[in-house]
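Each remark here refers to the structure printed beneath this line.
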Amino acid sequence: VSIIYLSPVANLFLKFRFQKLNVADEDNWQQVFKTVMNQFGHVDILVNSAGITGGSADVEHETLDDWGKVFDVNAKGSFLGVKHAMANMKNGGAIVNVVSMAGAYAEPVAVAYSASKGAERMMTKSAALYGAQKEKPIRVNAVLPAATNTGMVKEITALQPEVMQKQMEKIPLKKFAEPEDMANMIAFLVSDDAKFITGGDFMVDGGQSAGF
Ligand SMILES: NC(=O)c1ccc[n+]([C@@H]2O[C@H](COP(=O)([O-])OP(=O)(O)OC[C@H]3O[C@@H](n4cnc5c(N)ncnc54)[C@H](O)[C@@H]3O)[C@@H](O)[C@H]2O)c1
């Protein structure tokens, strides 16, 4: 369970609201959008960032149960968010899905994570094509972070430091990203400066995707 951050412009006294949301639960999403529409009258931006790694199992050792849990959050959760945002963005809007480099480049491990992020990435493109057909277009883009200094990376580093050391070595800029590196890209993509950009993959990866 996580928290959604809502930032209205209309009400000077009400800068933001928090609401609990399990992204894998469709009723929760409907409730969130109902609340937003009731309180603010419109939805303009959605950032789908909730995600879990579900461990690092390879395809032979992954369990069906763990596979399902990872897909529930990463693939189903982001799909539900986009689905219900689309229905509520009456004035057009912008959506960003926080995918992962793992959604474009596979490794022998973390098969469920990689596959779920691949699903999220392609869902983004399909949604972008659909959103572009609307009279007031809804732009949908994917940000693909490389390893970033958040709870997720700190957790893996504590358990498997050698895995994260290898990740670091793959990044030409020789350090992990900071959360604000992703926030800066997201802020750009949801702004009018990005008004002609939709359906794209935006790799914030310290050069990792540039070559071998
Ligand atoms: N940190 C990285 O290195 C990295 C790299 C690539 C992609 N990403 C992606 O970035 C996004 C953000 O990850 P992070 O690094 O901040 O990880 P994090 O573990 O620090 O945060 C993930 C958040 O998702 C929330 N969450 C999990 N399941 C949820 C659910 N069912 N409903 C609502 N919220 C739920 C958690 O409560 C947590 O706040 C994720 O989608 C992740 O896959 C992270």
Side-chain angles (χ1 to χ4, degrees), residues 1-6 18-33 35 46-56 65-85 95-107 109-124 140-161 163-171 173-187 189 201-209:
V1 177
S2 186
I3 286 170
I4 191 167
Y5 174 85
L6 309 168
F18 296 95
Q19 190 162 331
K20 278 192 173 179
L21 165 72
N22 174 2
V23 294
D25 184 322
E26 187 162 24
D27 289 345
N28 271 207
W29 274 112
Q30 284 169 319
Q31 192 52 52
V32 164
F33 282 114
T35 305
L46 172 74
V47 179
N48 263 319
S49 181
I52 57 172
T53 60
S56 58
D65 189 41
D66 284 348
W67 173 277
K69 283 180 188 156
V70 173
F71 266 74
D72 265 1
V73 179
N74 298 355
K76 186 166 100 178
S78 58
F79 152 68
L80 288 173
V82 173
K83 173 180 166 67
H84 290 287
I95 299 173
V96 172
N97 293 324
V98 182
V99 179
S100 171
M101 291 296 286
Y105 300 93
E107 292 191 82
V109 293
V111 62
Y113 184 71
S114 203
S116 67
K117 289 293 180 177
E120 184 179 5
R121 180 170 161 246
M122 289 311 292
M123 181 272 291
T124 303
V140 194
N141 286 293
V143 170
L144 277 64
T148 306
N149 273 324
T150 66
M152 189 176 269
V153 156
K154 285 174 191 155
E155 204 174 293
I156 306 171
T157 306
L159 294 171
Q160 299 167 293
V163 170
M164 295 321 291
Q165 184 54 39
K166 273 191 193 156
Q167 290 293 337
M168 176 92 75
E169 282 160 15
K170 287 185 201 162
I171 299 176
L173 288 182
K174 293 286 175 252
K175 56 183 178 182
F176 292 150
E178 295 302 326
E180 53 266 34
D181 295 322
M182 305 310 143
N184 289 339
M185 176 58 87
I186 293 167
L189 288 171
D201 289 327
F202 293 87
M203 296 178 181
V204 184
D205 66 353
Q208 196 177 347
S209 57

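In each ligand, atom 1 is the first atom listed, and ligand 1 is the first ligand listed.
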Any N or O of A24 closer than 3.5 Å to N or O of ligand 1: no
V98 versus K117, closest heavy-atom pair with distance: O-NZ, 3.1 Å
For ligand 1, the portion of V73 having any non-hydrogen atom under 4.0 Å away: side chain
Heavy-atom gap K117 to ligand 1 smaller than 4.0 Å: yes
Proximal atoms of ligand 1 relative to A147 (non-hydrogen, under 4.0 Å): 3 (O)
Heavy atoms of other groups near K175 NZ, more than 12 under 6.0 Å: no
Numbered atoms and elements of ligand 1 in range of V98, under 4.0 angstrom, heavy atoms: 9 (C), 10 (O), 11 (C), 41 (O)
Numbering as shown, the atoms of ligand 1 that approach V153 to under 4.0 Å (heavy-atom distance): 1 (N), 2 (C), 3 (O)
Stepwise side chain to side chain donor-acceptor pair (under 3.5 Å) check, N74 with S116: CA-CA 6 Å; N74 298 355; S116 67; 3.1 Å; yes
Per-atom contacts, ligand 1 versus T148 - under 4.0 Å to a heavy atom: 1 (N), 2 (C), 3 (O)
Those atoms of ligand 1 less than 4.0 Å from some heavy atom in A146: 3 (O), 5 (C)
Carboxylate-amine/guanidinium proximity below 4.0 Å for E169 and K166: no
Distance-only N or O hit between ligand 1 and S100, under 3.5 Å: no
Check against side chain to side chain donor-acceptor pair (under 3.5 Å), Q167 and E107: CA-CA 11 Å; Q167 290 293 337; E107 292 191 82; 3.2 Å; yes
Per atom 9 (C) of ligand 1, closest listed option by heavy atom (V99, V204, L144): V99
Among N149, T150, T148, the one residue meeting side-chain contact (heavy atoms from CB on, under 4.5 Å) with M152: T150
Close approach of F176 to ligand 1, heavy atoms, under 4.0 angstrom: no
E178 atom CD, neighbour heavy-atom count above 12 within 6.0 Å: yes
Residues S78, N97; criterion side chain to side chain donor-acceptor pair (under 3.5 Å); working and verdict: CA-CA 7 Å; S78 58; N97 293 324; 5.3 Å; no
Where N22 and N28 come nearest, the two heavy atoms and their spacing: N-OD1, 2.8 Å
4.0 Å heavy-atom contact, S49 with ligand 1: yes
Where ligand 1 meets I52 - atom numbers and elements under 4.0 angstrom, heavy-atom basis: 27 (C), 28 (N)
N22: numbered ligand 1 atoms lying under 4.0 Å from its heavy atoms: 30 (C), 31 (N), 32 (N)
Close approach of P179 to ligand 1, heavy atoms, under 4.0 angstrom: no
H84 to W29 - nearest heavy-atom pair and separation: CD2-CB, 4.2 Å
Atoms in ligand 1 with a heavy atom of Y113 nearer than 4.0 Å: 6 (C), 7 (C), 8 (N), 9 (C), 42 (C), 43 (O)
